[in-house]
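Written below as structure tokens is the structure these notes are about.
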Amino acid sequence: MAAMPFIAGNWKMNGTLSSAKALAADLAARARASTLKLPRIALCPPAPLLAEVTTAIAGSPITLGAQDCHAKEKGAHTGDVSAWLLANMGCKFVIVGHSERRADHGETDSVVKAKAEAALAAGLTPIICVGETEAERNAGKAADVVRAQVAGSLPGQATAANVVIAYEPVWAIGTGRTPTPDDVKAMHAVVRQTYAQGRADSADLAILYGGSVKGSNAATLLAVQGVDGALVGGASLDAVDFWKIIEAAPKR
Ligand code: PGA
């Protein structure tokens, strides 16, 4: 059985109170009015906008997610946000290990794993991000890098019911470049095989593709075998384009 399709919007460090409200309300109205079999949908705004977005999506099938969490439940960690507070704010998901966090904040696989464990303990589903850089791909190391990231970032208690993995080649993020469908298929297979070590439910695991997904290429990328959805950055800031991606999600 394949995972339920899932489209998540990562707003990154964008938006204001008013733009967040307008974007979330527009998407919520589309979701409420839709007669399609919708995928799971999550919006991941910057933490200070979570309350505004949760109000705007109330009564719609859209769920709330966050972009990062700390590994600890509480304490002296100025500027950080705990998974428990995110759950308390209404989040169902939290992105961990995004390549921008790995690059900007030096997050290692063990840090990402600790954050994913905190998410699980707080009742959130972590969306664990992995992906190779361009230099790693050119050196023929993409599969090895991603295998190591998955193995090092996945909590021991991960199951297909409580985690999501996003394969996001770093060189495709925000660049307008995407891997070929064959490369996406091969890398998703690497992720699934690595997850499957010691686990019996790998067929049910949701593996999202991320990196320059847009309305214009979503149908192609989302039709690739082993792709269960998308983690969308730039295009998730535009209601029309993001909705096109939602409509292109696999129907199952
Ligand atoms: P992008 O970002 O869609 O803007 O390439 C994807 C991501 O970083 O999650």
Side-chain angles (χ1 to χ4, degrees), residues 5-15 19-20 23 27 39-47 49-50 53 62-69 91-107 112 115-116 119 124-134 136-137 142 145-146 149-150 153 163-181 183-184 187-188 191 206-222 224 227-249:
F6 181 30
I7 306 291
N10 172 12
W11 292 4
K12 308 194 179 184
M13 198 171 73
N14 294 292
S19 74
L23 177 55
L27 291 166
R40 288 190 288 172
I41 304 168
L43 303 181
C44 305
L49 298 176
L50 287 169
V53 172
I62 299 180
T63 56
L64 191 66
Q67 297 177 14
D68 178 50
C69 66
C91 289
K92 301 287 180 229
F93 298 93
V94 60
I95 299 168
V96 294
H98 190 280
S99 64
E100 287 150 18
R101 302 265 343 152
R102 290 178 186 261
D104 295 353
H105 300 271
E107 292 187 7
V112 175
K115 291 183 175 203
L124 299 174
T125 297
I127 302 172
I128 302 167
C129 301
V130 296
E132 80 285 357
T133 63
E134 185 154 38
E136 289 163 344
R137 170 153 290 269
V145 166
V146 165
Q149 286 177 333
V150 172
S153 307
V163 304
V164 171
I165 299 181
Y167 166 63
E168 300 203 301
V170 178
W171 52 272
I173 294 176
T175 59
R177 297 162 57 207
T178 54
T180 63
D183 283 341
V184 172
M187 294 305 292
H188 278 233
V191 171
I207 306 178
L208 313 184
Y209 168 77
S212 294
V213 178
K214 300 185 181 345
S216 55
N217 63 15
T220 304
L221 289 163
L222 288 164
V224 174
V227 173
D228 301 299
L231 180 54
V232 185
S236 73
L237 297 170
D238 180 301
V240 173
D241 214 36
F242 190 54
W243 195 257
K244 266 192 208 147
I245 297 168
I246 289 166
E247 289 182 333

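Owing to the predicted nature of the structure, the values given are computational and were not obtained by experimental measurement. All values below were derived from every heavy atom in this structure, side-chain atoms included, with hydrogens, water molecules and symmetry-related copies excluded. In listed order, ligands and their atoms are each counted from 1.
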- [ ] Using the side-chain contact (heavy atoms from CB on, under 4.5 Å) rule, pick out the option among S99, P179, S212 that qualifies with W171.
- [x] P179
Task: Under-4.0 Å salt bridge between R102 and E107 - done: no
- [ ] Any atoms of ligand 1 less than 4.0 Å from a non-hydrogen atom of G211? List them with their elements.
- [x] 5 (O)
Open item on the list: Can you tell me if K214 contacts ligand 1 (heavy atom of the residue under 4.0 Å from the ligand)?
Closed with: no
Open item on the list: To check your reading of the model: name the closest protein heavy atom to atom 9 (O) of ligand 1, its residue, and the distance in Å.
Closed with: E168 OE2, 2.6 Å
Open item on the list: Salt bridge check, D241 against K214: does any charged N sit closer than 4.0 Å to a carboxylate O?
Closed with: no
Open item on the list: Quick check: do F6 and I127 have side-chain heavy atoms less than 4.5 Å from each other?
Closed with: yes
TODO: Please confirm whether G210 comes under 4.0 Å of ligand 1, counting heavy atoms of the residue only.
DONE: no
Task: For H98, atoms of ligand 1 separated by under 4.0 Å from a heavy atom - done: 7 (C), 8 (O), 9 (O)
Open item on the list: Quick test: of every protein heavy atom, which one is nearest to atom 4 (O) of ligand 1, and how far off is it to 0.1 Å?
Closed with: G234 N, 2.8 Å
Task: Per atom 5 (O) of ligand 1, closest listed option by heavy atom (G233, A235, G174) - done: G174
Task: For the student: nearest non-hydrogen atoms of P39 and I7, plus distance - done: CG-CG1, 3.8 Å
- [ ] Could you tell me the residue and atom name of the protein heavy atom closest to atom 2 (O) of ligand 1, and the distance to it rounded to 0.1 Å?
- [x] K12 NZ, 3.2 Å
Open item on the list: If we check side-chain contact (heavy atoms from CB on, under 4.5 Å) with F93, which of these qualifies: T63, L124, L64?
Closed with: T63
- [ ] Give the contacting part of N10 toward ligand 1: side chain, backbone, both or neither, where contact means a heavy-atom distance below 4.0 Å.
- [x] side chain
Task: Least distance between heavy atoms, L231 atom then C129 atom - done: CD2-SG, 3.8 Å
